[in-house]
Amino acid sequence: MTAILVACGSPKNSTPKIEDFTFSVDKFADIEILRYRVPGFEDLTLKQKEMIYYLNQAALEGRDILCDQNNRYNLRIRRTLEAIYLNYSGDKKSADFENLTIYLKRVWMGNGIHHHYSEDKFTPEFSENFFKSAILSIDSTKLPLSQGETVESFVNTLIPVIFDPTIFPKRTNQAEGVDLIKTSGNNYYGENISQSEVEAFYAKMKNSNDSTPVSYGLNSKLVKENGILVEKTYKVDGLYGAAISRIVGWLKKAAEVAENDKQKDVINSLIDFYNTGNLKTYDEYSIKWVQDLESQIDFVNGFTETYGDPLGMKGSWESLVNFKNIEATKRTEIISSNAQWFEDNSPIDPKFKKEKVKGVSAKVITAAIIAGDCYPATPIGINLPNSNWIRHEYGSKSVTIENITEAYDQASLGNGFADEFMLSDVERKRAKDFASLTNNLHTDLHECLGHGSGKLLPGVDQDALKAYGSTIEEARADLFGLYYMGDPKIVELGLLPEKEAFKAEYYQFIMNGLMTQLTRIQPGKNIEEAHMRNRQLIASWVFEKGKAQKVIEMVKRDGETFIAINDYEKLRTLFGELLSEIQRIKSTGDFESGKKLVENYAVKVDKTLHAEILNRYKKLNLAPYRGFVNPVYSLVKDAAGKITDVKISYDENYIDQHLRYSKEYSSLPHIN
Ligand code: ZN
């Protein structure tokens with residue numbers, strides 16, 4: 001994002017029209033890369049655009065942090081692959097080189113050597129010998145060598161990490177009955193630390209009498225030094241300090257052009273946190289952040305989601321810069337202003353309901369940049385902060401990222417998927433008419449109300465469900481949304497045009513949970529990822545409970561399986577029953593029941609059905625996963641160096657973007 005000089009009167013940017021915009025950018029392995037539009041950016045004030053520019057810079061500076069959190073060899077491997085890609089003088093048309101290029105694209109997509117979704121280590125399709133000779137053929141000063149390290153020993157270090165399938169086979173291991181820390185390939189814990197040591201370390205740190213517990217362990221790596229466990233804190237003068245200092249530098253610039261004092265205060269608190277690493281400061285920042293509802297620009301920047309840690313404590317670094325889509329936000333404001341009605345009428349035991357639902361704020365946003373753990377694969381909605389006590393006392397902020405869902409929807413139009421997997425034209429027509437609407441609404445309900453509803457009984461540990469916690473929590477939020485989508489209140493509130501519309505969401509949800517999400521799983525594998533587990537849990541539970549009454553059927557036609565939903569109202573009742581049970585599990589911290597539900601319904605895959613789905617899917621030649629490239633922002637300055645505009649362009653391709661990011665935003669040492 002270099003500043004460009006334009007004499008004066010440069011033509012004003014405007015968002016390209018949908019019909020003139022190419023959403024699909026690149027395709028490799030199981031990935032399709034899309035680009036997204038940023039409608040409305042040109043209507044922001046110059047000061048707002050400038051602020052977004054600085055926040056974007058702060059976002060991109062954290063890229064290496066996530067890469068290193070994912071595995072301690074990731075930065076060295078990525079930098080080596082990039083060095084080969086740029087400097088290799090051999091045949092760039094050879095199969096080995098082309099396969100290395102694909103591998104590099106996958107490493108960018110996964111922010112490391114593991115698949116971003118399945119979390120399995122990639123299998124390289126180029127040979128060890130090629131890799132070795134390619135490294136030896138380039139100037140060694142281009143390689144990420146440590147002080148005094150020889151190229152030979154460097155190669156010998158990397159080769160097993162890349163090629164040996166038994167080393168770091170999984171980034172985050174959620175399997176049962178093994179040491180989750182020792183079997184996870186990520187870098188949140190040092191070497192030779194066991195799960196029981198970690199659990200003991202944090203159990204001792206947690207003070208159950210503390211009514212405002214900080215998120216222990218969120219911003220540190222736990223390592224063993226001379227036999228003693230110590231936290232290495234992520235902060236300006238600590239671990240990842242080089243990148244964090246640069247983030248802070250850009251945040252300071254952003255604070256200077258903040259929209260208002262409240263927002264300035266939010267940014268300054270985050271800077272304090274990055275300076276000190278103090279988790280109390282982080283909570284102060286989160287409280288200020290969740291209370292800033294007036295500003296149009298907003299951002300996430302920090303150690304946020306804990307899905308990457310098998311024990312759910314360590315935060316992966318991510319950033320999202322965005323501004324409010326004022327028109328679309330009206331929809332979520334209707335939901336929020338009726339939050340108490342939804343809570344009061346939910347089908348759960350009254351003793352688990354919140355007497356007063358606080359601060360459920362919701363908005364539809366336009367993403368300006370996605371980074372860290374939000375890039376290239378990105379969520380379509382977020383609900384933060386994660387700290388339970390802050391959510392309880394101050395509420396949470398919930399967003400739907402509509403320009404991202406626009407890109408997904410536009411890229412999917414007419415790709416053959418609905419023709420292959422939906423039962424009939426009835427389902428297809430309903431999807432065409434309503435699915436975009438109901439998808440957005442389900443996300444809104446999930447994020448605005450689902451996660452925020454219900455309460456823990458006094459004394460219940462928020463981590464009581466341990467490794468099953470994420471799946472249960474996602475299921476709870478999804479079920480809350482599903483249950484209400486079919487409620488007449490939704491039509492009454494004007495959120496759906498007619499009662500029939502909810503069926504589009506129910507059909508897609510069940511089809512996805514029982515069948516089509518299996519396209520994302522390799523043959524022979526189980527389901528590991530929390531959101532996928534949640535979807536199968538819900539779909540297979542209601543399928544089984546409604547079996548006697550044939551609520552849902554698996555219909556066979558010419559040897560192919562289709563989902564038929566015969567009774568949508570009964571299905572809604574079943575969603576309500578499961579919501580009630582899952583809320584009970586969450587509220588009482590019933591680990592055994594949570595475990596049973598997940599292990600029985602969410603994990604195992606029907607091998608025959610799986611093979612059939614993969615086969616049918618393969619014929620469509622679609623990529624099961626999608627990632628994004630960001631637009632490029634540049635400052636426009638006049639002859640005196642004064643900023644006159646921020647230009648946005650959409651023409652950078654996937655490879656160029658990553659190579660540029662690695663050049664411009666890569667401040668961390670090879671080994672951290
Ligand atoms: Zn969620």
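All ligand and atom numbering here is 1-based and tracks the order in the structure.
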Would you call Val321 and Asn56 a side-chain contact if the rule is heavy atoms closer than 4.5 Å? yes
Looking at residues at least two apart in the chain, or sitting in another chain, which of them share a salt bridge (Lys or Arg N to Asp or Glu O under 4.0 Å) with Asp478? none
Protein N/O/S atoms under 2.8 Å from the Zn ion (ligand 1): how many? 3
Look at the side chain of Asn338 and the backbone N and O of Trp341, then say whether any donor-acceptor pair between them is shorter than 3.5 Å. no
Counting distance only, does the side-chain N/O of Ser337 pair as donor-acceptor with the main-chain N or O of Ile334 below 3.5 Å? yes
Is the NZ or CZ atom of Arg572 both under 6.0 Å from the centre of the six-membered ring of Tyr506 and within 45° of that ring's axis? no
Test of ring centre spacing under 6.0 Å for Tyr202 and Tyr216: no
